[in-house]
Amino acid sequence: MRNRRTSPLLLIVFCWIAAGLQGEARQASSAETYVGTWSGTYDGAGAGSFELTLDKRSDGVIAGRVAVTTDGGNYDAELKGIAFEGTKMTAKYDFPLDPSSEIVMAASFDGRAAKGTWSLRPKGQDTEVAGGTWTVNKK
């Protein structure tokens, strides 16, 4: 009698877990579409060239970095907290020209192009110090 009651419950739990894993696989595979080098420009508080590189690590996680030219100096930075939801990406990185700040990015991808916003903020805060937009095309 106990097995008959447990079986439907186990089936429901198994289906719930499988659906969650399937959702994670779909998100990873959609993010893989954007792997590569994207080059373009940014504007706002200053303007310059901007390159976004997205890679798939051996563990399947999407990693990335930016190369930015500015009037105050050029820099490269590793992205952290990259998240994809469909065609939308969010990420941030430590701002190399001011260690107390970070850049928060958001983007929408459309085929071989992407447009987004950037926001310079004190680390861990929501107050924007400077911001603007950026556009890139896949190389």
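In what follows, residues are counted from 1 in the order of the sequence shown.
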Does Leu54 reach the side chain of Leu79, with side-chain heavy atoms less than 4.5 Å apart? yes
Single-linkage hydrophobic cluster Val104~Trp134, side-chain heavy atoms < 4.5 angstrom: no
Any side-chain heavy atom of Tyr42 within less than 4.5 Å of one from Thr70? yes
Paired with Ser119, the side-chain contact (heavy atoms from CB on, under 4.5 Å) test is passed by just one of Glu102, Glu128, Met105, namely Glu128
Closest approach of Ala31 to Ile62 (non-hydrogen atoms, all atoms of both residues): CB-CG1, 3.7 Å
Is there a donor-acceptor pair closer than 3.5 Å between any side-chain N or O of Lys123 and the backbone N or O of Pro99? yes
Test item: Lys138 side-chain N/O and Val35 main-chain N/O as donor-acceptor pair under 3.5 Å: yes
With a 4.5 Å limit on heavy-atom distance, are the side chains of Ser49 and Val68 in contact? no
When you compare the side chain of Asp126 with that of Arg121, does any pair of heavy atoms fall below 4.5 Å? yes
For Ile82 and Ala63, which heavy atoms make the closest approach, and how far apart are they? CD1-C, 3.6 Å
Indicate, with yes or no, if the rings of Phe109 and Trp38 have centres closer together than 6.0 Å. yes
Exercise: identify the closest heavy-atom pair between Val136 and Gly40: CG1-N, 3.7 Å
Have Thr69 and Asn74 got a donor and an acceptor in their side chains that come within less than 3.5 Å? no
Apply side-chain hydrogen bond (donor to acceptor under 3.5 Å, both in side chains) to Ser108 and Lys88, showing your working. CA-CA 5 Å; Ser108 292; Lys88 305 227 183 271; 3.0 Å; yes
Check Glu51 with Arg65, please: is the shortest side-chain N to carboxylate O separation under 4.0 Å? no
Mind checking the CZ-OG spacing from Phe95 to Ser100? Nearest 0.5 Å is all I need. 10.0 Å
Would you please test Asp94 and Lys80 for salt bridge (charged side-chain N to carboxylate O under 4.0 Å, His left out) and show each step? CA-CA 8 Å; Asp94 294 332; Lys80 56 185 184 177; 2.8 Å; yes
How are the rings of Tyr34 and Phe84 set to each other: parallel, tilted or perpendicular (split at 30° and 60°)? parallel
Minimum heavy-atom distance Leu97-Gly73, with the two atoms named: CD1-O, 3.8 Å
Common cluster, Val61/Tyr93, ILVMFWY with side-chain heavy-atom separation under 4.5 Å: no
No-hydrogen, no-angle side-chain donor-acceptor test under 3.5 Å, Ser39 and Lys139: no
Non-hydrogen side-chain atoms of Asp76 and Val66 separated by less than 4.5 Å: no
Is there a side-chain contact between Thr41 and Thr135 (heavy atoms, below 4.5 Å)? yes
Distance, nearest 0.5 Å, that separates CG of Asp55 from OG1 of Thr53: 6.5 Å
So which atom in Pro122 and which in Val129 form the shortest heavy-atom distance, rounded to 0.1 Å? CD-CG2, 3.7 Å
